[in-house]
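Structure first, commentary second.
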Amino acid sequence: MLTLASKLKRDDGLKGSRTAATASDSTRRVSVRDKLLVKEVAELEANLPCTCKVHFPDPNKLHCFQLTVTPDEGYYQGGKFQFETEVPDAYNMVPPKVKCLTKIWHPNITETGEICLSLLREHSIDGTGWAPTRTLKDVVWGLNSLFTDLLNFDDPLNIEAAEHHLRDKDFRNKVDDYIKRYAR
């Protein structure tokens, strides 16, 4: 199977011995994004949190992948949460687009999958938003942390979930119910 990494190696080998006609017919130009992703995916796979798994439905499209987070502590322990990530052509000047595919009761993730994580914002007031120095590893670790230390009830995207946590002690019961119904 031809993967993006092997295509890049083949393209590098052709650079020195290219003739204009045959090289343009047999190879396609590889984008800056794809070159970055080859390096970043290797780094990500070497430094993946033990509660995360990455899946590439098409190994030739490193810009589209799925992440599964299975928290081993906190409110969301026992759940299995799926995220879809798409890395735009303008990457690394803009952040990846991430959506939670698993319905969840969470103050920083809406039931429709929108995510409030500052590093996924192109412009952030607090200065912790996206920067070209960030990588996919930062994104994955950030998503993983939404289930533990970055769980934020004070600045929620899902206001109803945050208010539920503050006013009712059965917040955990609703989280558990969502896990049983949607995150197994």
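Positions are given from 1 along the sequence.
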**Message:** Are the side chains of Leu67 and Gln82 in contact, using a 4.5 Å heavy-atom criterion?
**Reply:** no

**Message:** Is there a side-chain contact between Leu151 and Leu146 in this structure, where contact means two heavy atoms from C-beta onward sitting under 4.5 Å apart?
**Reply:** no

**Message:** If you apply the rule side chain to side chain donor-acceptor pair (under 3.5 Å), what do you find for Asp72 with Thr51, and how did you get there?
**Reply:** CA-CA 7 Å; Asp72 59 2; Thr51 56; 5.6 Å; no

**Prompt:** Any donor-acceptor pair under 3.5 Å linking the side chain of Arg33 with the backbone of Val87?
**Reply:** yes

**Request:** Look at the side chain of Arg134 and the backbone N and O of Gly129, then say whether any donor-acceptor pair between them is shorter than 3.5 Å.
**Result:** yes

**Complete:** Smallest heavy-atom separation, Cys64 atom then Phe56 atom, equals O-CD2, 4.0 Å

Contacts of type side-chain contact (heavy atoms from CB on, under 4.5 Å), residue [X], not counting sequence neighbours:
X	answer
Pro95	Glu122, Trp130
Leu48	Leu44, Cys52, Val54, Val140
Glu114	Thr110, Thr112, Leu157

**Aromatic ring proximity, centroids under 6.0 angstrom, Phe81 and Phe147** = yes

**Prompt:** Who are the ring pair (Phe, Tyr, Trp, His ring centres under 6.0 Å) partners of Phe153, not counting sequence neighbours?
**Reply:** His165, Phe171

**Prompt:** Can you list every side chain to side chain donor-acceptor pair (under 3.5 Å) pair that touches residues 96-108, not counting sequence neighbours?
**Reply:** Trp105-His164

**Asked** Quick one: salt bridge (charged side-chain N to carboxylate O under 4.0 Å, His left out) pairs with a partner in residues 156-179, sequence neighbours left out?
**Response** Asp177-Arg181

